[in-house]
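Take a look at the structure below.
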Amino acid sequence: MTGRTRHTGPTGRHHEDERPSGGRRLPDDLDGAAGPSALLARLMGGVPPRRLAPALLAVIMAGFVAQSMVDICIGISGSLRLTGLMVDFLLIAGLQVVHCLPCAAGLRRRFGHWTLALQAALAFAPLYLAHWNTGAMMGFAGASVLLVLAGRDAWIGYGVFLLVLAPTGPVLGMPAAGSVYLVVANLLSSLVLYGITRLVELVDRLYEARSAMAAMAVERERQRFARDLHDLLGYSLSTITVKCELTSALVRVRPEQALSELTDVLAISRQALADVRTVARGYREMSLLTEIESARGVLAAGGIRAQVDVSAPAPSGEANTVLATVLRESVTNLLRHSKAEVCRIEFTTEGPNLRLLVANDGVHTERIGTRERGTGLANLADRIAGVGGLLEVGTIEGTDWFRLAVQVPAQY
């Protein structure tokens, strides 16, 4: 189901704004203001601290380097060869840091292919040119192939790495068992380094996502607070203004009635204060039938004749609050922007939907359909789209009447 906002101009033409609807509701823990928090809790459950993953990668890399150095110290004689291999190992490990850490992503994008080629040369050149065993350091080059290259190229490059790695044992004159051990050790080191590096990236992205979702939750709460303040206080303050104007006119000629109006103003002010506290707590449930009775009294106080027709059963749930909010906003805009003499309010059923109509004869000065003048209509459209409803706003062609009609599913 798609929520639509239809605006009808004086010409009678229509245009519709498509909005994502709430036809299917999200699970309770992912819906509303608590949604991002619940989703974050699921995403971050069991995720290691942000600094732990890079530390784990560094420990594993250092372990492979230390293992290779121990192997060459045991199996290689001669200070020149020993020093040359250690320098080679340190260079390979340094390039691996560039290929692994998230902070070096920009460097990899610019020079990744060159650093990969250099690392592969450092890993295999001593083997094939001088028959020096570089141990598990060849696995570093295999991991870098998967990390630097993308998509199919990465796995093609890894296949080339395996072809180059396979004859290392015979080149070194090792027996069959030693050759298999060397190949397997480098395969494992390459896959372990690749997997741990991807883990570091995943953890980093999860923490970035947490920051983004926290900012989104703050913005969503800010919008909710602004919308609810507008919808609730706009009505109350408009009513207070109307009653104060009436009281000012009655204070000399009908002081008893003026006192009664002041009593109403006090009650409305107290309700407005309660509404502000409710908004701050994050939840507000309203009743359409209660708002209809309130609107009848406010319109009467403003000298506007109210024609009310209620033939549908009282709505429930979110539809009740949405329809009550629509009525409040309609009456608020009527009091602010129109000089209507008659206001008609109808609440009926239309198939499986509930239909609320608010119309008045103050079209000449009506501004409710001008979206640039305020946020009221946009707030209503967002609310109605959230329950899969339809909003129609505009003038009735050939008359001086302005109408706002809403349909929402009765079972929402």
Side-chain angles (χ1 to χ4, degrees), residues 50-72 80-168 171-172 182-205 207-208:
R50 193 167 192 172
R51 295 182 179 179
L52 178 60
L56 180 62
L57 175 61
V59 169
I60 291 174
M61 289 177 56
F64 281 130
V65 174
Q67 176 191 353
S68 297
M69 287 190 173
V70 169
D71 289 341
I72 65 170
L80 179 61
R81 287 201 303 170
L82 189 61
T83 303
L85 279 175
M86 286 187 175
V87 171
D88 187 66
F89 289 172
L90 293 176
L91 291 174
I92 292 173
L95 291 170
Q96 192 65 34
V97 170
V98 174
H99 296 158
C100 288
L101 294 184
C103 60
L107 189 60
R108 286 196 299 273
R109 283 193 296 268
R110 296 182 60 187
F111 305 109
H113 289 78
W114 295 104
T115 57
L116 176 61
L118 177 59
Q119 187 184 43
L122 291 171
F124 287 99
L127 170 69
Y128 283 98
L129 295 180
H131 294 182
W132 291 357
N133 183 2
T134 55
M137 302 304 289
M138 290 179 287
F140 280 41
S144 295
V145 168
L146 295 175
L147 294 171
V148 174
L149 302 181
R152 185 174 60 181
D153 292 342
W155 294 105
I156 293 175
Y158 194 71
V160 173
F161 163 74
L162 295 180
L163 292 177
V164 178
L165 178 65
T168 54
V171 168
L172 294 171
L182 185 62
V183 171
V184 171
N186 280 282
L187 283 177
L188 289 178
S189 64
S190 67
L191 294 177
V192 167
L193 284 172
Y194 172 71
I196 296 297
T197 301
R198 290 304 186 205
L199 171 65
V200 172
E201 293 179 357
L202 179 60
V203 170
D204 198 61
R205 290 179 182 178
Y207 277 94
E208 289 178 356

How long is the straight-line distance from [atom2] of [Y] back to [atom1] of [X], given to the nearest 0.5 Å?
X      : Y      : atom1 : atom2 : result
Gln96  : Leu116 : CD    : CG    : 9.5 Å
Asp88  : Ile92  : CG    : CD1   : 4.0 Å
Thr115 : Leu122 : OG1   : CG    : 11.0 Å
Asn186 : Phe64  : CG    : CZ    : 9.5 Å
Cys100 : Glu201 : SG    : CD    : 8.5 Å

Distance-only donor-acceptor hits, side chain of residues 153-168, under 3.5 Å, sequence neighbours excluded:
residue	atom	partner	partner atom	Å
Tyr158	OH	Ser190	OG	2.8
Thr168	OG1	Leu165	O	2.8

Original post:
For atom CZ of Arg205, is the number of surrounding heavy atoms from other residues, nucleotides or ligands below 6.0 Å larger than 12?
Top reply: no
Are [X] and [Y] close enough that some pair of their side-chain heavy atoms sits under 4.5 Å apart?
X      : Y      : answer
Leu91  : Gln119 : no
Phe111 : Val98  : no
Leu57  : Met61  : yes
Met138 : Leu182 : yes

**OP:** Would you name the heavy atoms of Ser144 and His99 that are closest together and state the gap between them?
**Re:**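 Distance-wise, the nearest heavy atoms are OG-ND1, 2.8 Å.
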Original post:
Considering all heavy atoms of both residues, which atom of Ser189 and which atom of Gly139 are nearest to each other, and what is their separation?
Top reply: OG-CA, 3.3 Å
